[in-house]
Amino acid sequence: MTTVKVRIAPSPTGDPHVGTAYIALFNYVFAKKHGGKFILRIEDTDRTRSRPEWEQMIIDAMKWLGLTWDEGPDVGGPHGPYRQSERGAIYAEHAQMLIDRGGAYRCFCTEERLTALREEQRKAKVAMPGYDGHCRHLSPDEIKAKLAEKLPYVVRLAMPKEGTTKVNDRLRGEVQFENAQVDDQVLLKSDGMPTYHLANVVDDHLMGITHVIRAEEWITSTPKHVQLYQAFGWTQPEWIHMPLLRNQDKSKISKRKNPVSLNYYRESGFSPAAMLNYLGMMGWTMPDGREKFTVAEMIDNFSFERISLGGPVFDVQKLTWLNGLYIRDHTADELATDLLTNMFNEKNLKAITPLIRERIDKLEDFVNHVGYFFAGDVSYSPEALQALVPKDKTNKDVSGMLAELLEIIDSLPRVEAADIDARLKALCEKLTWKPKEFFMPVRVAVTGRTATPPLGETMAVIGKERCRRRIRGAIAALKS
RNA sequence: GUCCCCAUCGUCUAGCCCGGUCUAGGACACAGCCCUUUCACGGCUGCGACAAGGGUUCGAAUCCCUUUGGGGACGCCA
């Protein structure tokens, strides 16, 4: 029997995601259950969106949760590198291998042609939009000529056009796909980087992955992966597609409708144990029905048979209840230590004091000045609410502005004073608002107050997660 | 639109595979009561679901089919 080896393969294109933690947990638990290995692989093949800061945050968040890996970019391992951007040669070689075997072909179609094609298909309401196979049957001479011209090209999967591909999913049984329904996916982009489809198959094979435990959204692309395994002549891993975490409205969990950043939960003071416990009960239950359990207990009792397939709604309220249980497990002393390390620590205090030094006359004034640096949500008094909307603006104007600000903040790894100041100024100018009209609503949204230290520094100390949740809260307040 | 997945209280779920023990159990939330100087915690009670229709069967939440509903995928994103 081969040793179980699984992986979590996040993409460093944004905040560390709760869905990543969810899938990582099940991979981790499964690996531990069977004495196997769990590895971390960074899928940073999207050159425009991947950033090292995001990668670092993912690693930090995973460490915070305690989901440690046996191989990964930081700890190395026998199958490295574990960062896909550093494995370019491997993918190029394998893409060539595929071309040689007829499992893939070069495609010289331009971005413009593909956009036009897509548009055409959309207008004609084509049942299965996709690549039309234009370059699939180019003659060797035509290809040679185009290569000689140095035309940029991609490598596409030569999907069989007849027959079916079977995917054996551990949780759902056999799922069949008509090959004609499956697109000739791009495997290698014109920048030489692989797409997910190629990279994940090649790496999973080379790294000896035995079980692919990933989210359900991948199930429709699995036939492509199965075809790739066959084209390479490799043995497939076992496929396990976990249900997707959902928003309240049942759509796939998203930052628009839910806090999805692990940093949010960390900074709000959720404990990793509670977080993992809660994630563990999304789609899985203890045999005895216990709701409070540790990862170790989950490992002891884990089996795929106890997974239910309905997409679980991620309910922050229930997570909060669970976290309360964990808080109460602590003695008062332990809780005090926790507070001292994570909230009222030297770093936080030293970040705040320069901002309020001029604003207090006695030490006891401190507490009344700094509540919003520590609090989660802020409430808006009638006066604050009034200040939120400047005289010449409507609620809609302000919520629109705040929504734009939210987008800006979302795109940043962290909020830094000078940087956010510049961005605020730029947004103000872009919207052609008067500074006075612009900055007060932002101040009120983020702090709940009309008088605060300078905004940029204040926001930096409050931090990205709190800033964004309060802005969201302000937008909601403006609606009612 | 096409393909794929899914379907028990508002939410997380047990039960479903191996039909009867299910007048469907637990938890969150909500409401009430108790505890209590207050608030919480804790305890108790209540509210609340087998999507619909057809089969199969002596008997179906459990098996089959259809419909409906929800979700996902359809990118040189992952």
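This is a predicted model, so every value here is computed, not measured.
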Reading 5' to 3' through nucleotides 72-78 of chain B, protein heavy-atom contacts under 4.0 Å coded B for base, S for sugar-phosphate only, - for none: BSS-BBB
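- Backbone-only contact: Met282(A) has heavy atoms under 4.0 Å from sugar-phosphate atoms and none from a base.
- Rounded to whole Å, the C1' atom of rU68(B) lies 10 Å from the corresponding atom of rG53(B).
- Across the protein-nucleic acid pair, Tyr278(A) atom OH and rA27(B) atom P stand 16 Å apart, rounded to whole Å.
- Counting only distance, with no hydrogens or angles, the side chain of Thr195(A) and the backbone of Val186(A) share a donor-acceptor pair below 3.5 Å.
- Within the 4.0 angstrom heavy-atom criterion, no nucleotide atom of any strand lies near Glu305(A).
- For the pair Arg156(A) and Tyr131(A), the cation-pi test (distance below 6.0 Å, angle within 45°) is passed.
- Rounded to an integer number of Å, the gap from CZ of Phe293(A) to P of rU13(B) is 11 Å.
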Contacts table for residues 197-209 of chain A: side-chain donor-acceptor under 3.5 angstrom, sequence neighbours left out:
residue: His197(A); atom: ND1; partner: His225(A); partner atom: NE2; Å: 2.9
residue: Asn200(A); atom: OD1; partner: Arg7(A); partner atom: NH2; Å: 3.2
residue: Asn200(A); atom: ND2; partner: Tyr196(A); partner atom: O; Å: 3.4
residue: Asp203(A); atom: OD1; partner: Arg87(A); partner atom: NE; Å: 2.8
residue: Asp203(A); atom: OD1; partner: Arg87(A); partner atom: NH2; Å: 3.0
residue: Asp203(A); atom: OD1; partner: Tyr91(A); partner atom: OH; Å: 3.2
residue: Asp203(A); atom: OD2; partner: Gln84(A); partner atom: NE2; Å: 2.8
residue: Asp203(A); atom: OD2; partner: Tyr91(A); partner atom: OH; Å: 2.5
residue: Asp204(A); atom: OD1; partner: Arg7(A); partner atom: NE; Å: 3.0
residue: Asp204(A); atom: OD1; partner: Arg41(A); partner atom: NH1; Å: 2.8
residue: Asp204(A); atom: OD1; partner: Arg41(A); partner atom: NH2; Å: 3.1
residue: Asp204(A); atom: OD2; partner: Arg7(A); partner atom: NE; Å: 3.4
residue: Asp204(A); atom: OD2; partner: Arg7(A); partner atom: NH2; Å: 2.7

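- Residue contacts shown for Gly311(A) are limited to sugar-phosphate atoms, with no base heavy atom under 4.0 Å away.
- Place Glu291(A) and Gln181(A) on RNA chain B by their nearest nucleotides, and Gln181(A) ends up nearer the 5' end.
- The aromatic rings of Phe232(A) and Trp234(A) lie parallel to each other, their planes meeting at an angle below 30°, with 60° marking the opposite boundary.
- Atom name C1', nucleotides rA60(B) and rU56(B): the rounded distance is 10 Å, in whole Å.
- Among the atoms of the strands shown, only primed sugar atoms or phosphate atoms (P, OP1, OP2) are found under 4.0 Å from some heavy atom of Phe177(A).
- Relative ring orientation between Phe30(A) and Phe304(A) is described as tilted, the plane-to-plane angle lying within the 30° to 60° band.
- The 5' end of RNA chain B is approached more closely, in terms of each residue's nearest nucleotide, by Asp315(A) than by the other of Asp249(A) and Asp315(A).
- Environment of NZ in Lys166(A): sparse, with no more than 12 heavy atoms of neighbouring residues, nucleotides or ligands closer than 6.0 Å.
- Nucleotides rC74(B) and rC63(B) are separated by 34 Å at their C1' atoms, to the nearest Å.
- Contact check, Arg328(A) against rG42(B): a side-chain N or O comes under 4.0 Å of OP1 or OP2.
- Taking atom C1' on both rG72(B) and rC64(B), the two are 26 Å apart, rounded to the nearest angstrom.
- Atom pair Asp169(A):CG and rC6(B):C1' shows a separation of 12 Å (rounding to whole Å applied).
- Of the side-chain N and O atoms in Arg172(A), none sit less than 4.0 angstrom from OP1 or OP2 of rC17(B).
- Nucleotides rA51(B) and rG10(B) are separated by 15 Å at their C1' atoms, to the nearest Å.
- Counted by atom type alone, Glu142(A) and Ser139(A) present one or more donor-acceptor pairs between their side chains at under 3.5 Å.
- With both pairing distances under 3.5 Å, rG69(B) is matched to rC6(B) as a Watson-Crick or G-U wobble pair.
- Note on Arg47(A): nothing from the nucleic acid sits closer than 4.0 angstrom, heavy atoms only.
- Computed from coordinates, the Leu171(A) CG to rG71(B) P distance equals 21 Å when rounded to whole Å.
- Looking only at atom types and distance, the side chain of Tyr264(A) has no donor-acceptor partner in the side chain of Asp15(A) under 3.5 Å away.
- Across the protein-nucleic acid pair, Leu245(A) atom CG and rU11(B) atom P stand 15 Å apart, rounded to whole Å.
- For Thr20(A) against Ile8(A), the heavy-atom pair with the smallest separation is O-CD1, 3.6 Å.
- For the P atom pair drawn from rC39(B) and rA31(B), the interatomic distance equals 14 Å after rounding to whole Å.
- Nucleotide rG46(B) forms a Watson-Crick or G-U wobble pair with rC30(B), both donor-acceptor distances falling under 3.5 Å.
- Using atom P as the reference point in both rA27(B) and rA73(B), the two lie 35 Å apart (nearest Å).
- The nearest whole Å value for the distance from the CZ atom in Phe304(A) to the C1' atom in rC17(B) is 17 Å.
- Pairing for rG1(B) goes to rC74(B), judged as Watson-Crick or G-U wobble with the two contacts each under 3.5 Å.
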Under 3.5 Å, side-chain donor or acceptor atoms of residues 273-286 of chain A against the rest of the protein: list the pairs with distances, not counting sequence neighbours.
residue: Asn277(A); atom: OD1; partner: Phe293(A); partner atom: N; Å: 2.9
residue: Asn277(A); atom: OD1; partner: Tyr326(A); partner atom: OH; Å: 2.6
residue: Asn277(A); atom: ND2; partner: Glu291(A); partner atom: O; Å: 3.0
residue: Tyr278(A); atom: OH; partner: Asp315(A); partner atom: N; Å: 2.8
residue: Tyr278(A); atom: OH; partner: Asp315(A); partner atom: O; Å: 3.3
residue: Trp284(A); atom: NE1; partner: Ser303(A); partner atom: O; Å: 3.3
residue: Thr285(A); atom: OG1; partner: Arg306(A); partner atom: NH2; Å: 3.1

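- Under 3.5 Å, the side chain of Lys318(A) and the base of rA29(B) form no donor-acceptor pair of N or O atoms.
- Only the C1' atoms considered, rG32(B) is 16 Å distant from rG48(B), to the nearest whole Å.
- Atom CG of Asn277(A) is separated from atom P of rC28(B) by 13 Å (rounded to the nearest Å).
- With rounding to whole Å, Ile307(A) atom CD1 is found 18 Å from rC5(B) atom P.
- Across all strands shown, rC39(B) has no partner, as no Watson-Crick or G-U wobble contact with both distances under 3.5 Å is found.
- As judged by a 4.0 angstrom heavy-atom cut-off over every strand, Gly283(A) is placed among residues touching the sugar-phosphate backbone only.
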